[in-house]
Amino acid sequence: METTLTTHAEAANRSPVVSPVVSIASAYRTVLALGLLCMAALLALGGCANSRGGSIPYGVQKFNAPDPITAISAENAYRTGPGDTVTIAVMRVPDLSGDAVIDPTGDITMPLIGKVPAIGKTTDELATDIAGRLSAKYLQNPEVRVALKASSSQRITVDGSVNGPGIYPIAGSTTLLQAIALAKGTSADANSRKVAVFRVIGGQRQAAAFDLTDIRRGKAPDPEIFGNDVIVVDGSASKAALKNVLQTIPLISLFRPF
């Protein structure tokens, strides 16, 4: 029995001791190997991710302006909002006539009568209000007309792989590049060669695809964007996954010799 115990003790003493440093280094090498393998697979699978494709056609020749806004009833007439510009005409009093911009608080400012609440009103309602204020102290039976000159309610939707997706107001002529700039540009995971624009033409929702890379390089025209257009920038899932892999690999393993 004593001999057997001695033999086991000697065997235990001869057993190799695993160093904690060696274990950590081995773990780093394993993580690095797995990371590099994932990167290689992603690059192989996503080699064509940043390219054209899909069922939406490119180079559409008849992607015309959207349908005009149809006439609406007085009950559903446009109501003014902050940032809108209205033209005010007071007949035979040119000093009281001119353009006015509705400020963020919803008011316009006019000579003599000062601030006038203008938000949420139709142009006819605003004209009636202005006429009433002028007739109270300054003019007898004033004739006032108000017209909408510029509306900040012309909005577009920019979605997908952009840094600031959302709904943005546009004023005047706007191009696709300008619309993307409103959304703070394409994100790191964007496929700039596949950008879809949706709009209503002929009573039907239609779409066309554009190559933003070619537009930026001057190889393709920069299309005009209209109010109510929806712009969607394609994204690359493989790029996002590759980014996640790089973030999960310990930095020391990227530079540690092995």
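Just so you know, residue 1 is the first one in the sequence shown, and it goes up from there.
Not a single salt bridge (charged side-chain N to carboxylate O under 4.0 Å, His left out) links D159 to another residue, sequence neighbours left out. Considering only residues two or more places apart in sequence or on other chains, K219 meets the side-chain contact (heavy atoms from CB on, under 4.5 Å) condition with D214, R217. Under the side-chain contact (heavy atoms from CB on, under 4.5 Å) criterion, L139 pairs with V90, V93, L96, L134, P142, sequence neighbours left out. Residues meeting the side-chain contact (heavy atoms from CB on, under 4.5 Å) test with T128, sequence neighbours left out: none.
One N or O on the side chain of Q178 and one on the backbone of T175 form a donor-acceptor pair closer than 3.5 Å. Formation of a donor-acceptor pair under 3.5 Å by the S135 side chain with backbone atoms of N141 is not found in this model. Checked by atom type and distance alone, the side chain of D189 never pairs as donor or acceptor with a backbone atom of G235 at under 3.5 Å. A donor-acceptor contact shorter than 3.5 Å is absent between the side chain of D234 and the backbone of V195. Under a 3.5 Å cut-off, the side chain of K194 and the backbone N or O of A190 do not form any donor-acceptor pair.
With rounding to the nearest 0.5 Å, the separation of CD1 in I180 from CZ in F210 is 11.5 Å. Between the CD1 atom in I156 and the CG atom in L176 there is a gap of 9.0 Å [rounded to 0.5 Å]. Distance check, rounded to the nearest 0.5 Å: CZ of R155 to OH of Y168 gives 13.0 Å. F198 contributes atom CZ, which lies 11.5 Å from atom CD of Q206 (distance to the nearest 0.5 angstrom). Here I225 contributes atom CD1 and I231 contributes atom CD1; the two are 4.0 Å apart, rounded to the nearest 0.5 Å. Between the CZ atom of R145 and the CD1 atom of I130 there is a distance of 14.0 Å, given to the nearest 0.5 Å.
Y138 and V146 fall within the same hydrophobic cluster, where Ile, Leu, Val, Met, Phe, Trp and Tyr residues are linked whenever their side-chain heavy atoms come under 4.5 Å apart, directly or through other members.
A salt bridge (Lys or Arg N to Asp or Glu O under 4.0 Å) check over residues 100-112, counting only residues at least two apart or in different chains, returns the pairs D103-K115. Pairs engaging residues 174-188 under the salt bridge (Lys or Arg N to Asp or Glu O under 4.0 Å) rule: none recorded [sequence neighbours left out].
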Exercise. Going through the distances and angles, do D99 and T85 end up as a side chain to side chain donor-acceptor pair (under 3.5 Å)?
Worked result: CA-CA 7 Å; D99 295 341; T85 302; over 6 Å; no
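In terms of heavy-atom proximity, V158 sits nearest to A179 at CG2-O, 3.9 Å.
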